[in-house]
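Take a look at the structure below.
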Amino acid sequence: DNYFKGVLVLDDVRGILFHQEYYDKIRVKDFMRYSPYFIADINDTMENIIQKFKGVDRYTIIMVDDGKYVGCMSRANVFLAYQHYVQETSDE
């Protein structure tokens, strides 16, 4: 149904990634993270989204619409768009 359930972080599973004896014992949900810091609603303000990126090593935020996954927003693209906006408004 495309509902966002959480994030799987590679660093969390790196230690078992190549141990096939765990493949049928461990479930993705055992490592899944869900946090409001990882997600934003498409109706959130850009200020709110930028705050989620500030001061952390997070490079992508999951975008949802009423709880349903719609895509990702990258830190680089947000700050590049902001930089262009500042340049355009300062030229005017």
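Computed over heavy atoms, backbone and side chain alike; hydrogens, waters and symmetry mates excluded.
Sorted by first then second residue, the salt bridge (Lys or Arg N to Asp or Glu O under 4.0 Å) pairs that include residues 43-52, not counting sequence neighbours, number zero. Residue pairs meeting the ring-ring contact (aromatic ring centres under 6.0 Å, His included) criterion with at least one member in residues 29-54, sequence neighbours excluded: Phe4-Tyr34. Contacts classified as ring-ring contact (aromatic ring centres under 6.0 Å, His included) and involving residues 55-91 (residues at least two apart or in different chains) are not found. Applying the salt bridge (Lys or Arg N to Asp or Glu O under 4.0 Å) rule to pairs touching residues 3-27 yields Asp11-Arg14, Asp12-Arg33, sequence neighbours excluded.
For Ser74, the side chain to side chain contact (heavy atoms under 4.5 Å, CB included) test picks out Ala76, Asn77, with sequence neighbours left out. Partners of Val70 according to the side chain to side chain contact (heavy atoms under 4.5 Å, CB included) rule, which considers only residues two or more places apart in sequence or in another chain, are Ile42, Met63, Asp65. In this structure, the side chain to side chain contact (heavy atoms under 4.5 Å, CB included) partners of Lys54, at least two apart in sequence or on a different chain, are Ile50, Gln51.
Dense packing is recorded around OH of Tyr23, with more than 12 heavy atoms of other residues, nucleotides or ligands lying under 6.0 Å away. Asp30 CG: more than 12 foreign heavy atoms inside a 6.0 Å radius.
The backbone N or O of Asn43 sits less than 3.5 Å from a side-chain atom of Asp41, completing a donor-acceptor pair.
Residues Val78 and Met73 are in side-chain contact: their nearest non-hydrogen atoms beyond the backbone lie under 4.5 Å apart.
The two residues Ala40 and Ile61 come nearest to each other via the heavy atoms N-CG2, 3.7 Å.
Here the NZ-CG distance, from Lys68 to Asn2, works out to 6.5 Å after rounding to the nearest 0.5 Å.
Leu10 and Ile26 fall within a single hydrophobic cluster, where Ile, Leu, Val, Met, Phe, Trp and Tyr side chains are chained together by heavy-atom contacts under 4.5 Å. Leu8 and Ile39 are members of different hydrophobic clusters when ILVMFWY side chains are connected at heavy-atom separations under 4.5 Å.
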